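Report on the following structure.
When a ligand or atom number is given, it counts from 1 through the structure's own listing order. Source: prediction; values computed, not measured.
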Amino acid sequence: MADQQTQEKYAALALRTGVNLQKNQALMINAPIEGADFTKIVVRKAYEMGAKDVHINWVDDELTLLKYENAPDEVIENYPDWKVMLHDSYAEDGAAVLSIRSTNPDLLQNIDPTRVAKANKASAQAMSNFRKYTMNDKIAWSIISIPTGDWSQKIFPEKSREDAIASLWEAIVKIVRVDQDDPIAAWDAHNETLRIAREVLNKKNYKKLVYKAPGTDLEIELPEGHIWKGGSAESEGGVTFNPNMPTEEVFTLPHKYGVNGTVSSTKPLNYGGSLIDNFSLTFKDGKAVDFKAEQGEEILKHLLDADEGAPRLGEVALVPHESPVSQSGLIFYNTLFDENASCHIALGKAYPTNLEGGSAMDSVQLDKHGVNDSLIHVDFMIGSENLDIDGVKADGTTEAVFRNGTWALNIK
Ligand code: ZN
Ligand code: ZN
């Protein structure tokens with residue numbers, strides 16, 4: 001366990017730098033029951049900061065599993081209307097949303113993947129309106145994690161439950177800079193570094209990125225008007241917030257019809273409680289036309305079949321191999337951490353905010369500009385110390401963007 005003072009610092013950071021909670025604003029929190037003590041610290045601080053209402057959606061791995069094991073298909077395939085209304089009504093009210101994600105990566109390993117895919121699809125479809133609030137930055141939102149027992153033991157299998165939780169707290173506290181005297185100031189400085197990196201890339205305005213690594217030979221076209229983002233974001237109401245903590249990436253969107261070649265994963269992917277590992281995808285004109293996986297191939301197949309946009313890419317993100325998450329030397333089996341240790345790309349929906357004027361475009365316009373749409377958005381890791389990336393400009397000139405997994409461009 002992290003001591004009380006550390007947890008207080010983390011809670012304050014999540015509220016100020018994460019969702020940047022405003023006076024008289026409502027706050028919705030998704031939290032694991034196992035993290036009730038930490039969540040209560042967050043709630044108390046939120047009211048101290050002037051929150052008008054804090055609503056918690058409690059989740060629990062054991063209860064989730066019991067439902068998958070026992071509920072009939074019609075329940076699994078139906079996402080309840082009341083949950084949709086709950087989320088929509090808080091979003092309409094301009095609430096901030098803080099999600100604490102700490103799922104056991106092996107939770108659903110013995111559940112039929114078809115059942116899991118159906119449940120994921122039902123929730124994604126039902127929540128499509130709410131997702132617009134987050135993916136278009138209409139409201140301030142943030143994702144953080146705290147250690148839970150099963151998850152901690154997956155990372156530290158040789159340790160006792162208690163020691164594993166303590167070790168994961170130690171790792172997370174360092175990665176999210178809560179070990180520093182003034183974490184909020186540390187995040188301001190970090191956000192500034194990411195802002196400079198994205199400005200350099202926006203000026204470069206590459207037409208294409210070319211990835212080369214063992215098992216990877218991939219060309220990703222970037223659409224006209226693409227915008228690199230990273231670090232803090234701004235909500236429609238003008239509030240600066242951090243969607244992910246940690247975050248080490250700068251990211252933009254690929255052209256949905258302009259991805260060609262093969263890419264291999266470099267870290268396992270935890271997709272909603274199931275692991276997919278050592279996999280590769282081959283793209284033709286933006287679409288994954290072939291795939292294989294040493295572990296979780298069936299899950300990957302369902303993922304790619306989710307809808308028309310699922311086998312196309314919606315994000316391309318650059319993360320230097322020496323990021324603090326990488327330096328921990330750990331595999332977290334949790335995308336929030338693993339994607340910030342490694343260059344990654346995402347299958348599925350692109351963030352319309354990554355395109356000039358994208359937030360105001362309808363689905364036909366977005367498609368014309370090469371912006372992918374899907375019910376899913378699933379990041380997976382492709383970076384390593386062996387990854388080289390070239391940037392190709394409109395006039396055909398090529399320069400090194402990444403060499404040996406880290407920046408070759410001067411981003412200072
Ligand atoms: Zn990303
Ligand atoms: Zn992503």
| field | Ion pair check, Asp150 and Arg161, cut-off under 4.0 Å | value | yes
| request: Return the name of the atom in Glu315, of element N, O or S, nearest to the Zn ion (ligand 2). | output: OE1
| note | Atom name of the N, O or S atom of Glu249 nearest to the Zn ion (ligand 1) is OE1
Less than 3.5 Å apart, which donor and acceptor atoms pair up between the side chains of residues 222-239 and the rest of the protein, not counting sequence neighbours?
residue : atom : partner : partner atom : Å
His226  : ND1  : Pro223  : O            : 2.8
Ser235  : OG   : Gly237  : N            : 3.3
Ser235  : OG   : Val239  : N            : 3.2

| request: Examine all N, O or S atoms of Glu339, backbone included, and report whether one is under 2.8 Å from the Zn ion (ligand 2). | output: no
| said: With rounding to the nearest 0.5 angstrom, report the CD1 to CD distance, Ile276 to Glu298. | reply: 11.0 Å
| message | From the N, O or S atoms in His344, identify the one nearest to the Zn ion (ligand 1). | response | NE2
| Angle, NE2 of His377 through the Zn ion (ligand 2) to OD1 of Asp379 - 10° precision | 90°
| message | Please evaluate residues Lys203 and Glu199 with respect to the criterion salt bridge (charged side-chain N to carboxylate O under 4.0 Å, His left out), reporting the C-alpha separation (whole Å), side-chain torsions for both, the decisive distance (0.1 Å), and the verdict. | response | CA-CA 6 Å; Lys203 279 212 191 87; Glu199 271 184 11; 5.1 Å; no
| query | Is the closest basic N to carboxylate O distance between Asp390 and Arg403 below 4.0 Å? | reply | yes
